[in-house]
Peer 1: 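Just dropping this structure here.
Atoms within a ligand are numbered from 1 in the order they appear, just like the ligands themselves.
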Amino acid sequence: MAHETVTGDAFENLLREKRQFAPSPEFAAAANVHEGIYAEANADPEAFWAAQARERLTWSKDFSQTLDWSDPPFAKWFVGGEVNAAYNALDRHVENGLGDRVAIHFEGEPGDTETITYADLTERVKRAANAFESLGVAKGDRVAVYLPMIPEAVVTMLACARIGAIHSVVFGGFSSEALRSRIDDAEAKLVVTADGTYRRGKPSPLKPAVDEALAEDGHTVQHVVVVRRNGQDVAWTEGRDLDWSEVMGAASAEHTAVGHDAEHPLFILYTSGTTGKPKGILHTTGGYLTQTAFTHSAVFDLKPETDVYWCTADIGWVTGHSYVAYAPLVNGATQVMYEGTPDSPHQGRWWEIVQKYKVSVLYTAPTAIRTMMKWGSDIPAKYDLSSIRVLGSVGEPINPEAWMWYREVIGGNGGRREERAPIVDTWWQTETGAIMIAPLPGITATKPGSAQVPLPGIAVDVVDEAGQPVPDGHGGFLVIRKPWPAMLRTIWGDPERFKDTYWSRFEGMYFAGDGAKKDDDGDIWLLGRVDDVMNVSGHRLSTTEIESALVSHPWVAEAAVVGAADETTGQAVVAFVILRGEASIPEGEDPAAVLRAHVGHEIGPIAKPRHILVVPELPKTRSGKIMRRLLKDVAEGRDPGDATTLADPTVMHKIAQDLRK
Ligand code: PRX
C-alpha cells in the first residue's frame, strides 16, 4: 500500500483557520445531549454503549455481555441479545400510537409525490417480507438490491432485515459488470430492481443492466423482482422475472417479526479498497443499530416529533444505509426522500424541497455544497429556508470556504443571523458503519473545515509511522484504538483480508486509511486518503480498480490512475496509459474516448476518468513501482518534484514533452 505524505501547503493554510462558532444558548439548552456525556462515556465506554443499546432499541431478548473482544479483530457486541431491525424501525412506533406519523415524504424526480406514514410503511414491509419468503428467501440468504431512490428501496432493505436475509445494495451508477461481480461474490438468490428511474426529466433504465449481468449462466440468482417506476418497456425472462406489484399484491399484510441474534449479519456493502477487487463490508445487527440511532439523535440533535430530516445520500452508499434506511426510522423521524438530481428541472430544486417540507435537518456532501456555491447564492435566496436548524456534511473534507457558504447562505435562517444553524462535519466510513468524529451541535464550538472531536465512547487517535500518538499541532494517520458497536465485522468471505487491510498496519489498532492532523486545541482535521483510494464527489473509487479496468482493454499495455485535486468534486480521476505497440486503432477513433467508455462499462459511469493521457512511458522506481506522486504533480499542473529515485529519470521529461504536444 502506498502511503503518501500527509502535509502540504493547502493543509497548512487550513490549519491557520481560527474562526469558531459556539452554539446559541437556546440551542445548547434544548439539545438532546449535554457536555457531561463525554466524561460519562469515556470513563466506561462499554457501560455507555450498553445503556444506549437498551435505551434506543427494543430487544426481544436482552444481551448478557456488552462486548466480546477475546478474538481480536473479530468483535461481538451485545452478546446473547436478540433484536429485529424492522420491528425497531417500524412496528414498535405503530404499537406506540405513532402509526399516523409521516415516515417518508417521497418526492419523485418528475414531481410525483407520496406521503408514507409509519403504519403504511410497516404494512408494505410486512408484505415484502412475506413475498420474499414465498420466493424461497430464508434467513441468511443474500438479496442484491439495484434500485433508484424510491420508497421500494427502503421497503426492500427493511423486509430483508425483518426475515434475516442479508441485503447487498449496489449503487445504480454501477455497471452490469460491477453488479455481476457483486452478485457472484455474495451468491445472491434474489435481485430487486426497477425498470428504471428518471434523470433530468427523462427515463433512465436500470433493468437492462440486470439482464446483462445475468446473461451468462453460472450465477446463483433465482428471481428478479421488478418495480415499475418509469413505465418503459423492458425485456422479460419468464419464470425468473416477477412484477413487484403483483408479488406484493399476492402477499399477506400480516407478518410477525422475530428477534435475530445481535451479531446476525444485516447487510453487505461493497466498497473500493486498494486492490482491484471491491470489498464486501459486513455489518451486523445490534451494534450497528445502536450506534447509528445514537449518532443520528446526538449529532443532528434530532427531535422526532418536530423535525423534518433530509439526507440527500443515495441508498447505494453507506450514508443512505445508516442515515436514510435505518437510523431515522429507528428513531421515529419524519424524513424526505428525493429521487432526482439537484438541478432538475432547475437549480433551485433542493431549496424548493426544503421550503415545501420545512426541512429542519439537512445532511449532504461538500461536493454538492460547492456545486451550489458555483451556481450562485441568489438561487437559494429565492426560497424560504428558515426551517433549517442543523446542517450536516459527510463524505470528504469540507473546505472552509464551502463551510462558510453553507453557514451563511443555507444556515442563515431566513436572515436571522444570530440564529444560524450549527454545521456538523461528520467523519466516518463504510467500514465504521456510523459517525465517529463530529462536533455535537449543542456543545461544540465549531470550526470551518474540521470534524473536530471523536464522539463519546469512540477512541480515535492520530499516530505517526511508528504508531505513536502525535502531539497537538502535528499530523499522521487516523486510527481507532478500541472496538466500536457499528464496526464492520469482517470482509465477506475473506477474514484474512479484513485483518490485513485494517489491523496489520498498526499493532492493535484499526487503520482507517486517512491522513489527519491534530490542531493546537487537539481538534482533528481530516486530510484525505493516504492509500490508493480516491474520493470523487464523495464517491469512493480505487485507483487500482480503474487501472485494472483500463488494462483489460486490448489496446492498453499499462495504466496508472491518480486522483487530481478538483475544486468542485474534491478529486477527479486522471489516467495515464501506455498503448500497445501492436494496437490497431481504427482511423479517426479517439483512444481516450473509447477507453473512457470502456471504464464506464467495466465499473460504471461514476468511474470514468475525466482525462486520459496517452504517454510513452510511466515513471517507475528501480523496484518497478509506479510513482503516482509524480503523475499527480503533472495532473495537477505542477512541475513534478524530485524524480531522482526513478529507474529512468528522463521519463517525466518525456511525459511533460508529450503533454505539451
Ligand atoms: O477519506 C474519508 C472520507 O471518505 C472515506 C470513506 O468513504 P466511504 O466509505 O465511501 O464513506 C463515505 C460516507 C461515510 C473516508 O475514509 N470522508 C468521509 N467523511 C469525511 C471524509 N473525509 C473528511 N471529512 C469527512 N467528514
Side-chain angles (χ1 to χ4, degrees), residues 1 4 6 10-11 14 169 171 173-174 268-274 278-281 283 288 291-292 295-296 299 311-324 326-327 363-370 391-400 402-403 406 423-439 446-455 460 462 477-480 486-488 491 501-502 510-517 523-543 545 563 569-571 606-607:
M1 200 186 293
E4 293 174 12
V6 291
F11 297 133
L14 202 62
V169 180
F171 175 57
F174 281 120
I268 303 168
L269 182 58
Y270 287 84
T271 189
S272 295
T274 52
K279 303 175 282 201
I281 303 300
H283 282 289
Y288 174 83
Q291 196 181 332
T292 53
T295 51
H296 182 251
V299 176
C311 167
T312 63
D314 189 279
I315 45 114
W317 306 104
V318 74
T319 310
H321 282 59
S322 303
Y323 298 104
V324 176
Y326 287 104
Y363 191 27
T364 192
T367 191
I369 299 165
R370 289 191 295 262
L391 293 170
S393 174
V394 62
E396 45 179 331
I398 176 164
N399 47 313
W403 196 100
Y406 201 27
I423 296 178
V424 286
D425 175 10
T426 65
W427 178 91
W428 58 295
Q429 309 175 295
T430 307
E431 290 87 343
T432 69
I435 299 170
M436 302 292 279
I437 309 177
T446 52
K447 293 181 181 173
S450 172
Q452 296 185 288
V453 263
L455 288 184
V460 165
V462 181
F477 304 98
L478 190 77
V479 296
I480 304 164
M487 68 192 272
L488 77 165
I491 292 175
T501 309
Y502 305 107
Y510 171 88
F511 172 48
D514 278 49
K517 202 149 183 169
D523 281 329
I524 295 173
W525 295 71
L526 279 312
L527 305 182
R529 302 288 304 196
V530 291
D531 55 13
D532 297 331
V533 171
M534 293 172 292
N535 195 323
V536 179
S537 299
H539 297 161
R540 188 163 151 181
L541 296 169
S542 146
T543 53
E545 200 182 347
T569 59
Q571 287 189 306
I606 51 165

Peer 1: Please identify each residue that fulfils side chain to side chain contact (heavy atoms under 4.5 Å, CB included) with V460, with sequence neighbours left out.
Peer 2: I437, P454, I458, L478, I480, I524

Peer 1: Looking at residues at least two apart in the chain, or sitting in another chain, which of them share a side chain to side chain contact (heavy atoms under 4.5 Å, CB included) with P397?
Peer 2: none

Peer 1: Start with the C-alpha gap between Y288 and Y326, add the side-chain angles, then the distance that decides, and say whether ring-ring contact (aromatic ring centres under 6.0 Å, His included) holds.
Peer 2: CA-CA 9 Å; Y288 174 83; Y326 287 104; 5.7 Å; yes

Peer 1: May I ask you to test the V324-Y363 pair for a side-chain heavy-atom distance under 4.5 Å?
Peer 2: no

Peer 1: Could you work out, with side chain to side chain donor-acceptor pair (under 3.5 Å) as the rule, every residue matching W427, not counting sequence neighbours?
Peer 2: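 Here the qualifying residues are D514.
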
Peer 1: Can you list, by chain and residue number, every protein residue with a non-hydrogen atom closer than 4.0 Å to ligand 1?
Peer 2: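 Residue list for ligand 1: V318, T319, V394, G395, E396, P397, D425, T426, W427, W428, Q429, T430, D514, L526, R529, N535, R540.
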
Peer 1: Has S322 got a side-chain atom pairing as donor or acceptor with T319's backbone, closer than 3.5 angstrom?
Peer 2: no

